[in-house]
There are 2 protein chains.
Amino acid sequence: MTALSKIKTPKKKPSISPKKGHHKQPTREKIIKAATQVFAGYPYHSASIRMIGKAAEIDHPLVNYYFPSKAALFEAVIDDVADEYYQANISWFDGLDKMNPKAGLDLYLDRFFDFALKHPGAFRIIALNLVQAEDHDVIPGYERIRDFFAKTKQNFKDAVPMSGTDDDIDMFLNSFNTLAINYLAAGTYYASILGIEPGSRQYLEWVKKTMMFVLLPRLRHIINGESKD
Amino acid sequence: MTALSKIKTPKKKPSISPKKGHHKQPTREKIIKAATQVFAGYPYHSASIRMIGKAAEIDHPLVNYYFPSKAALFEAVIDDVADEYYQANISWFDGLDKMNPKAGLDLYLDRFFDFALKHPGAFRIIALNLVQAEDHDVIPGYERIRDFFAKTKQNFKDAVPMSGTDDDIDMFLNSFNTLAINYLAAGTYYASILGIEPGSRQYLEWVKKTMMFVLLPRLRHIINGESKD
DNA sequence: CAATATTTTTAACGATCGTTAAAAAGCCTA
DNA sequence: TAGGCTTTTTAACGATCGTTAAAAATATTG
């Protein structure tokens, strides 16, 4: 045995491509799923290994058996939801190039919110941890959140032919992402203002309407290259 | 002595209007100031009484001498920054009615960001605690955050004559507040994307430019009552 | 100055945190 | 079935949390 073999990862590693075995490492997957749920409810430092263990219906030290630390688990969760999102995001642009900006944004948001309904965790995890402490006390996987947005932006630039300047496109995309993340993640707040149920279709319709109202003029601008003022 | 007199608040209450005494309750004020700083850096459940004590250069149990609980202190801090903001906010509308939307928004944002530079805590406290847990584990003073936005909206509606529908105005104001809060509170994130220093004038200029770019078309819309599409 | 009231410090409580070590249980193969 | 490996459980560690009680220090009043 080498010194390196003392690393505390499970000995029987999961095959990267599970092929036939539908649930090769059920415990590890249960933990990721439970951790996603817990990290979607509490900021990194407030979420606890014990909460995650309880959500996964296991004893909490088992989490440390599959993940060397809370930080590593958090990064695994971020990677997981980011992959899920990234893969889905690409498909949302299908066929949009044949539409006008309004119809395109309309369809894109439909696909977006359809995903958000099925994967409520991703946006909350990001929103809960985006506002950072000044220097110290950094949240692990913070740079992965940056990657998350960077990929989204690249997808957009690749899929949508635009005539606007890079500056204009960045202003638009940052604002799009900011509004989307907040309206989807802080639904408890916004919905309570509006007197709607946070997770309801009605709330998502309000979000869609609002985002189209605010963003459509500038989307037209960066697509058609109109003058700014 | 009545039973009620056993409440553990300091016996010599601060006079509501300090009149002449410039620093009547210096310790209490020191605590509020330190707590504002700490709550601006960490979400409610991560910020600790001990951090606040250290920031105020006092022993931490003294915090509980002036405030019965962490929750009460947090509410006092929110009230403090909300009052500060509310009072300032009203003055930002002075003279805007004689301007066109673009010049008015420009000046309003200047005043807004000037305040933000001097009071960096307010927006971070709100942003750090706006995304809530589902049901349980509620952050104290959450409804005060709602009030905070509600007052802002009312100020806007009172000061700016508009022809748009209430729905349109609400969509605009919610998005305005969301963008402002995030760009100001999560400057660490956005500035790092742009390669700028988070608290710098240059970053605030980017925020201003971005908010004008995104919001000006719809501001014109709700002021002039133009057709939506 | 003495007595009283207020403010601050010290010490400790029960609870929860992330992590580790060791024992127990389950599983596979010889 | 026996022995070795993987997985799970149990127990415990040091640290930090909010809060309380009592002692000490300081300020106020007679």
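A, B, ... follow the sequence lines: proteins, then strands. Residue 1 opens every chain.
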For A/F123, which of A/F39, A/Y85, A/F149 qualifies under ring-ring contact (aromatic ring centres under 6.0 Å, His included)? A/Y85

Between [atom2] of [N] and [atom1] of [X], the distance in whole Å:
{"X": "B/N64", "N": "D/dA22", "atom1": "CG", "atom2": "C1'", "answer": "15 Å"}
{"X": "B/D59", "N": "D/dT20", "atom1": "CG", "atom2": "P", "answer": "17 Å"}
{"X": "B/Y66", "N": "D/dT19", "atom1": "OH", "atom2": "P", "answer": "18 Å"}
{"X": "A/L62", "N": "D/dT8", "atom1": "CG", "atom2": "P", "answer": "5 Å"}
{"X": "A/I58", "N": "C/dG26", "atom1": "CD1", "atom2": "P", "answer": "17 Å"}
{"X": "B/F67", "N": "D/dT20", "atom1": "CZ", "atom2": "P", "answer": "15 Å"}

Are the aromatic rings of A/W92 and A/F113 close, with centres under 6.0 Å apart? no

Validation row, ring centre B/F213 to ring centre A/F172 under 6.0 Å: no

Please confirm whether the backbone N or O of B/D94 pairs with a side-chain atom of B/R111, one donor and one acceptor, at under 3.5 Å? yes

Per atom distances to the B/P61 side chain, the nearest of D/dA11, D/dA21, C/dT8 is D/dA21

Presence of B/T27 side-chain N/O under 4.0 Å of C/dT7 phosphate oxygens OP1/OP2: no

Give a yes/no answer on whether the side chain of A/Y65 brings an N or O atom under 4.0 Å of OP1 or OP2 in C/dT20. no

Carefully, step by step, assess B/N129 and A/Y189 under the rule side-chain hydrogen bond (donor to acceptor under 3.5 Å, both in side chains). CA-CA 10 Å; B/N129 298 288; A/Y189 168 75; over 6 Å; no

With sequence neighbours left out, write down each residue that passes side chain to side chain donor-acceptor pair (under 3.5 Å) with B/T36, or none if nothing qualifies. none

Kindly say whether, by distance alone, the side chain of A/H60 makes a donor-acceptor pair under 3.5 Å with the base of D/dT8? no

For nucleotides 15-17 of chain C, tabulate all protein N/O to nucleotide N/O atom pairs closer than 3.5 Å, reporting atom names and distance.
residue : atom : partner : partner atom : Å
C/dC17  : OP1  : A/S48   : OG           : 3.1

